Amino acid sequence: GRTRARSSTPSGWAAAGLERSTVAKFMSEIDLTRAETHFAFGRNWASYAQSVAETEIKEAEIGLLRLLGGEPPQVTRFLDIGSGSGLHSLAALRLGASHVHAIDIDEDSVATTRALLSRFAHDRDWQVVHASVFDLSPESLGEFDLVYSWGVLHHTGDVNRAVRCAARLVRPGGLFLFALYRRVWADFFWRVEKRWYAKASPAAQARARAVYTASFRIWFRLTGRRFDDYQAGYRSNRGMEFQHDVHDWMGGWPYESVAP
């Protein structure tokens with residue numbers, strides 16, 4: 001199958017005063033593939049999904065078409081691994097997929113995906129299942145014409161195994177569309193920050209987001225750009241409202257990255 005990947009390069013600051021070997025040892029002793037160790041992605045998606053309307057659905061369709069080279073997907077079976085809000089499962093159905101099978105390890109994401117598809121695609125063929133990518137197999141699910149996992153597998157706790165598990169479900173000649181974080185110099189800082197943020201109180205998370213957003217504004221001003229213009233066009237460029245995306249980025253634990 002053809003593989004497409006997008007990388008995301010975050011900005012950041014070097015972590016100071018931390019013994020990397022100590023932190024790495026501590027993290028390695030935790031089974032990060034278990035849902036209870038993860039950031040509550042589903043709550044954020046549930047909040048975002050409340051604002052989803054035709055505009056957001058159309059933008060998701062355009063984004064999926066862009067990944068496919070501008071051509072509607074000629075697929076019978078579409079697998080969405082890490083469905084989140086369900087928006088891309090819905091886009092696949094709108095673009096002609098005969099059947100969509102959506103899975104997520106987060107129960108809130110499963111509920112949100114079901115609600116969104118029930119609202120906008122109640123008469124279409126789809127199924128939403130609470131499951132981990134590590135539990136999937138072609139023997140139990142069969143194979144799919146298109147396996148889609150955009151910005152998900154680096155949050156599973158074992159990115160290499162997750163990619164292998166997902167790839168097994170692509171039929172011969174099918175497509176595997178996925179995006180992973182690219183390795184950057186600030187990865188150690190982001191691992192520490194995300195692990196803290198995922199378990200922090202809502203008040204502490206709000207303060208951290210305020211600092212992050214203020215830093216963003218300063219950076220834009222220093223580079224001669226308008227932050228307000230960037231934020232206004234954010235939804236169409238990124239597929240998610242800015243503040244929800246900041247929360248998702250800062251809390252995205254587990255966090256792994258790959259070399260280009």
Side-chain angles (χ1 to χ4, degrees), residues 1-9 45 48-49 51-104 109 112-114 116-129 131 133 136-138 141-156 159 162-182 233-241 245 248 258 260:
R2 183 171 67 216
T3 300
R4 303 189 182 194
R6 181 186 67 181
S7 62
S8 176
T9 306
W45 284 119
Y48 167 72
S51 65
V52 169
E54 286 297 327
T55 299
E56 288 72 27
I57 297 169
K58 188 63 180 177
E59 288 171 353
E61 292 176 17
I62 292 171
L64 187 54
L65 279 174
R66 187 181 302 118
L67 291 176
L68 294 166
E71 297 293 330
Q74 302 299 316
V75 301
T76 300
R77 306 188 75 219
F78 180 100
L79 175 62
D80 188 359
I81 300 176
S83 58
S85 67
L87 189 55
H88 292 97
S89 288
L90 177 58
L93 287 168
R94 290 273 186 105
L95 290 172
S98 301
H99 171 77
V100 165
H101 192 94
I103 72 110
D104 205 294
S109 289
T112 299
T113 298
R114 284 177 179 156
L116 191 79
L117 295 181
S118 296
R119 179 182 172 193
F120 291 104
H122 61 89
D123 57 345
R124 301 297 300 276
D125 184 12
W126 52 266
Q127 184 176 12
V128 184
V129 177
V133 64
L136 307 181
S137 71
L141 286 182
E143 295 177 330
F144 294 81
D145 303 291
L146 198 161
V147 174
Y148 178 89
S149 190
W150 203 259
V152 172
L153 301 179
H154 46 228
H155 293 309
T156 59
V159 63
V163 170
R164 291 194 298 271
C165 289
R168 292 176 60 206
L169 298 159
V170 184
R171 70 162 177 79
L175 297 175
F176 181 17
L177 302 184
F178 66 103
L180 301 173
Y181 289 135
R182 185 175 66 187
Y234 195 86
R235 189 188 294 264
S236 60
N237 292 327
R238 292 281 294 172
M240 196 178 194
E241 182 268 334
D245 206 21
D248 184 88
V258 298

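This structure is a prediction, so every number in the text was calculated from the model and none was measured.
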Side chain Asp104, main chain Ser83, donor-acceptor under 3.5 Å: yes
Donor-acceptor under 3.5 Å (Trp126 side chain, Ala121 main chain): yes
Donor-acceptor under 3.5 Å (Arg94 side chain, Ala60 main chain): no
Side chain to side chain contact (heavy atoms under 4.5 Å, CB included) partner of Leu93, the single match among Arg124, His88, Glu61: Arg124
Working for side-chain contact (heavy atoms from CB on, under 4.5 Å), residues His155 and Tyr181: CA-CA 10 Å; His155 293 309; Tyr181 289 135; 3.6 Å; yes
Plane angle bin for Phe144 and His101 - parallel if under 30°, tilted between 30 and 60°, otherwise perpendicular: tilted
Ala166 versus Leu153, closest heavy-atom pair with distance: CB-CD1, 4.4 Å
Approximate separation, where rounding is to 0.5 Å, of Cys165 SG and Leu136 CG: 7.5 Å
Inter-residue atom distance Leu68.CG - Gln74.CD, 0.5 Å rounding: 10.0 Å
Minimum-distance pair of heavy atoms, taken over all atoms of Ile103 and Val133: CD1-N, 4.1 Å
Leu177 side chain near Leu146 side chain, heavy-atom distance below 4.5 Å: yes
Derivation and outcome, side-chain contact (heavy atoms from CB on, under 4.5 Å), residues Asp145 and Leu175: CA-CA 6 Å; Asp145 303 291; Leu175 297 175; over 6 Å; no
Nearest heavy-atom neighbours spanning Arg119 and Val52: NH1-O, 3.4 Å
Heavy-atom closest contact (Glu143 atom, Pro138 atom, distance): CG-CB, 4.2 Å
From Phe120 atom CZ to Leu87 atom CG, the distance as rounded to the nearest 0.5 Å: 9.0 Å
side-chain contact (heavy atoms from CB on, under 4.5 Å) between Val100 and Val128, worked out: CA-CA 8 Å; Val100 165; Val128 184; over 6 Å; no
Check against side-chain contact (heavy atoms from CB on, under 4.5 Å), Ile57 and Leu90: CA-CA 8 Å; Ile57 297 169; Leu90 177 58; 3.5 Å; yes
Phe78/His99 aromatic ring centres below 6.0 Å: no
Any donor-acceptor N/O pair, Asp245 side chain to Met240 backbone, under 3.5 Å: no
Nearest non-hydrogen partners of Gly84 and Trp45, listed with the distance: CA-CD1, 3.5 Å
Over all atoms of both residues, closest heavy-atom pair of Tyr48 and Glu241: CE1-N, 3.8 Å
Distance in Å, Leu116 CG paired with Ser89 OG, rounded so as to fall on 0.5 Å steps: 9.0 Å
CD on Glu54 to CD on Glu56, rounded to 0.5 Å: 9.5 Å
Check: Ser98 main-chain N/O paired with Arg77 side-chain donor or acceptor under 3.5 Å: no
From Ile81 atom CD1 to Ser149 atom OG, the distance as rounded to the nearest 0.5 Å: 5.0 Å
Electrostatic pair Glu71:Arg66 at N-O distance under 4.0 angstrom: no
